[in-house]
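Both backbone and side-chain heavy atoms feed into the values below; hydrogens, waters and symmetry mates do not.
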Amino acid sequence: MNAIITYYIGVSREEEQFARISCVIPQETLDKLLEQDAPKFIKIIVNDGELMFLQTDNINNIQQEF
């Protein structure tokens with residue numbers, strides 16, 4: 001699924017900072033996120049094939065992109 005992830009990246013100048021990441025998330029990864037024992041990290045595809053690992057605790061929102 002093509003998606004945009006809103007991801008917490010920390011605090012800067014006393015304000016919470018979020019990044020928006022455009023990526024592809026495999027459906028099986030989304031299904032795992034909904035399980036009670038969700039994984040600590042997920043693998044996503046960014047920039048036409050580069051793999052990126054994200055800590056799931058920092059994911060604020062996942063929105064499907066059409």
Side-chain angles (χ1 to χ4, degrees):
M1 169 179 87
N2 290 334
I4 296 177
I5 295 177
T6 304
Y7 189 77
Y8 175 74
I9 57 173
V11 177
S12 176
R13 296 186 183 135
E14 299 180 15
E15 290 185 22
E16 293 184 338
Q17 301 291 310
F18 292 88
R20 293 176 54 96
I21 303 167
S22 183
C23 63
V24 175
I25 305 173
Q27 185 61 46
E28 64 187 35
T29 299
L30 290 173
D31 294 341
K32 287 180 183 178
L33 285 173
L34 297 174
E35 294 176 1
Q36 187 169 354
D37 295 327
K40 298 273 187 203
F41 293 87
I42 61 169
K43 180 172 41 176
I44 61 173
I45 301 168
V46 296
N47 297 335
D48 297 325
E50 294 179 35
L51 291 178
M52 182 176 187
F53 294 89
L54 292 179
Q55 184 176 358
T56 56
D57 290 343
N58 290 351
I59 295 174
N60 181 271
N61 184 27
I62 298 175
Q63 182 178 16
Q64 185 172 5
E65 183 177 51
F66 294 98

**Study point:** With sequence neighbours excluded, residues passing side chain to side chain donor-acceptor pair (under 3.5 Å) with Asp57
**Key:** none
Check your understanding: If you group Ile, Leu, Val, Met, Phe, Trp and Tyr whenever their side-chain heavy atoms sit less than 4.5 Å apart, what else falls in with Leu34?
Key -> none
**Study point:** Distance in Å, Thr6 OG1 paired with Asn60 CG, rounded so as to fall on 0.5 Å steps
**Key:** 6.0 Å
Check your understanding: Does Gln27 have any side-chain contact (heavy atoms from CB on, under 4.5 Å) partners at least two apart in sequence or in another chain, and if so, which?
Key -> Leu30, Asp31
Study note, to complete from the structure: Rounding to 0.5 Å, atoms CD1 (Ile44) and CG (Leu54) come to a distance of 4.0 Å
Exercise for review: Any pair with a residue in residues 41-56 that passes side chain to side chain donor-acceptor pair (under 3.5 Å), sequence neighbours left out, goes on the list, sorted by first then second residue, please.
Suggested key: none
**Study point:** Rounded distance (nearest 0.5 Å) linking atom CG of Leu33 with atom CD1 of Ile25
**Key:** 7.5 Å
Review point. Got a sec, which hydrophobics cluster with Leu51, joining ILVMFWY side chains under 4.5 Å apart, including via others?
Key: Val24, Ile45
**Study point:** Under 4.5 Å side-chain linkage, directly or through intermediates, the cluster mates of Val11
**Key:** Tyr8, Phe18
Check your understanding: Ile59, Ile9: one ILVMFWY side-chain cluster at the under-4.5 Å cut-off?
Key -> yes
Practice item. Check side chain to side chain donor-acceptor pair (under 3.5 Å) between Gln63 and all other residues, then give those that pass, not counting sequence neighbours. Key: none
**Study point:** With Glu15 via side-chain contact (heavy atoms from CB on, under 4.5 Å) - residues at least two apart
**Key:** Gln17
Check your understanding: Can you list every pair that meets ring pair (Phe, Tyr, Trp, His ring centres under 6.0 Å) and has a residue in residues 42-66, with sequence neighbours left out?
Key -> none
Exercise for review: Go through the structure and list residues passing side-chain contact (heavy atoms from CB on, under 4.5 Å) with Glu65, not counting sequence neighbours.
Suggested key: Asn2, Ile4, Ser22
